[in-house]
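Report on one structure; see the data block that follows.
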There are 2 protein chains.
Amino acid sequence: MIGTAMPAPTDSHTLLRRAGLRSTPQRQTVLDLLGDGDHRHLTADDIWRAAASRHPSFNRSTAYRVLEQLCDAGIVQQTRFGDSAHFEIAGAPQRHYHLVCRSCGSIENLPSDGLADITGRMARQHGFTIRSVDLTIEGECRSCRRGVSPRV
Amino acid sequence: MIGTAMPAPTDSHTLLRRAGLRSTPQRQTVLDLLGDGDHRHLTADDIWRAAASRHPSFNRSTAYRVLEQLCDAGIVQQTRFGDSAHFEIAGAPQRHYHLVCRSCGSIENLPSDGLADITGRMARQHGFTIRSVDLTIEGECRSCRRGVSPRV
DNA sequence: GTCTCTGCAAAGCCTTTGCAACGCT
DNA sequence: AGCGTTGCAAAGGCTTTGCAGAGAC
């Protein structure tokens, strides 16, 4: 258990309560991590590790459970890149897609940019009701193509 | 081992040899399964099960290994829907995308339909070199929306 | 005959589950 | 106080790996 050393209720507290969820330190921590500008597109394990570094008793299964609940509540969304699931705040900044760099693993967000028209038309032609659209482009990012690896 | 009861070399034999791979009964079987009109978008396990029903000694790990090799050779392509990887003959019938029905699990192919222009433009704006594009639309297919379940 | 591939069995990884204690409301 | 949550530990499912024998060329 994380105990009383947790930060006072923040935005994430309100967010949770509004979604009808109990506001626990664990859930707040996960939301805070995903909300951080530097921490988008994290895997469940990334999130657990970051959370555990703040609160050593944070359990891995809790990370999975919290993420599942937040997804169910529509607060977080899950995308599968390659072999592992990545999580991010839902609809941030709006419907968007992903550019995944094969060299450095970076993931950039891509604004919708009129894609909805096309997918809508495609789906209509097939009598298909759209629930979600996932577009992922894999390749090499600008930095890597120049031979500069932003991370690695 | 599958032994001498295997079908004579077919198209798949030539395909394999052209890719610089040895033509083994196992590889031919996997290719044949994926080539069958009814057997598109199979998981590794689907493929193994179907292969094993033809040749009981067909090992599960062989299915995984063969699929990996065929992917590396560019003969087969892998896509991840939800929780599991699906395999299909690469570029069949050409670049295409997927409509996945959440009710019945059916997977329909979707022709490219001018999507390449959009993705190309998106990537160019980000200085990104495209290696692959994956578009998956999830929702409900025509039959399921009508309340008719094609399978299940 | 050589070098690769396969079958077998075991391990690995990510994720889920059962249960009792804990803590949010 | 009551019921949802968490930590812990163990199991589960899919996938990979090491090895020796079998097979393709």
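Per chain, numbering begins at 1; letters A, B, ... match sequence-line order.
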(message) Whole angstroms only, please: what is the CG-C1' distance between B/Asp45 and D/dT16?
(response) 15 Å
Every protein N/O within reach of nucleotides 1-5 of chain C N/O, cut-off under 3.5 Å:
{"from": "C/dC3", "atom 1": "O2", "to": "B/Arg22", "atom 2": "NH1", "distance (Å)": "3.4"}
{"from": "C/dC3", "atom 1": "O2", "to": "B/Arg22", "atom 2": "NH2", "distance (Å)": "3.3"}
{"from": "C/dT4", "atom 1": "O4'", "to": "B/Arg22", "atom 2": "NH1", "distance (Å)": "3.2"}
{"from": "C/dT4", "atom 1": "O4'", "to": "B/Arg22", "atom 2": "NH2", "distance (Å)": "3.3"}
{"from": "C/dC5", "atom 1": "OP1", "to": "B/Arg27", "atom 2": "NH1", "distance (Å)": "3.3"}
{"from": "C/dC5", "atom 1": "OP1", "to": "B/Arg27", "atom 2": "NH2", "distance (Å)": "2.9"}
{"from": "C/dC5", "atom 1": "O5'", "to": "B/Arg27", "atom 2": "NH2", "distance (Å)": "3.4"}

(message) With a 6.0 Å cut-off on the ring centroids, do B/His41 and B/His98 count as close?
(response) yes
(message) I need the NE2-P distance between B/His55 and C/dC8, as an integer number of Å.
(response) 15 Å
Could you list the donor-acceptor pairs under 3.5 angstrom formed by side chains in residues 116-123 of chain A, with sequence neighbours left out?
{"from": "A/Thr119", "atom 1": "OG1", "to": "A/Leu115", "atom 2": "O", "distance (Å)": "3.3"}
{"from": "A/Thr119", "atom 1": "OG1", "to": "A/Ala116", "atom 2": "O", "distance (Å)": "3.1"}
{"from": "A/Arg121", "atom 1": "NH1", "to": "B/Asp113", "atom 2": "OD2", "distance (Å)": "3.2"}

(request) Mind calculating the distance between CD (A/Glu68) and P (C/dT15) to the nearest angstrom? (result) 12 Å
(request) Using whole Å, report how far CZ of B/Phe58 lies from P of C/dC8. (result) 12 Å
(message) Please report the distance, rounded to the nearest Å, between CZ in A/Arg60 and P in C/dT15.
(response) 10 Å
(message) Please give me the minimum heavy-atom distance between B/Phe128 and A/Ile137, naming the atom from each residue.
(response) CE2-O, 4.1 Å
(message) Can a side-chain donor-acceptor contact be found between A/Ser61 and A/Asn59 if the only test is distance below 3.5 angstrom?
(response) yes
(message) With no hydrogens and no angle check, just 3.5 Å: does a side-chain donor-acceptor pair link A/Thr14 and A/Asp11?
(response) no
Grab the N/O contacts between the protein and nucleotides 9-12 of chain C below 3.5 Å, and write none if there aren't any.
none

(request) In whole angstrom, give the distance that lies between atom NE2 of B/His13 and atom C1' of D/dA24. (result) 10 Å
(message) Could you check whether A/Asp46 and A/Thr43, counting side-chain N and O atoms only, form a donor-acceptor pair closer than 3.5 Å?
(response) yes
(request) Specify the separation, in whole Å, of atom CD of B/Gln28 and atom C1' of D/dC25. (result) 14 Å
(request) Compare every heavy atom of A/Ala90 with every heavy atom of A/Gly74, then report the nearest pair and how far apart it is. (result) O-CB, 3.3 Å
(message) Could you tell me how far apart B/Trp48 (CH2) and D/dT16 (C1') are, to the nearest whole angstrom?
(response) 16 Å
(message) Between B/Gln69 and B/Arg27, do the side chains contain a donor N or O and an acceptor N or O under 3.5 Å apart?
(response) yes
(message) Under 4.0 Å between a side-chain nitrogen and a carboxylate oxygen: does that hold for B/Glu138 and B/Arg102?
(response) yes
(message) I want to confirm an ordering. Mapping B/Tyr64 and B/Arg17 to their closest nucleotides on DNA chain D, which one lands closer to the 5' end?
(response) B/Tyr64
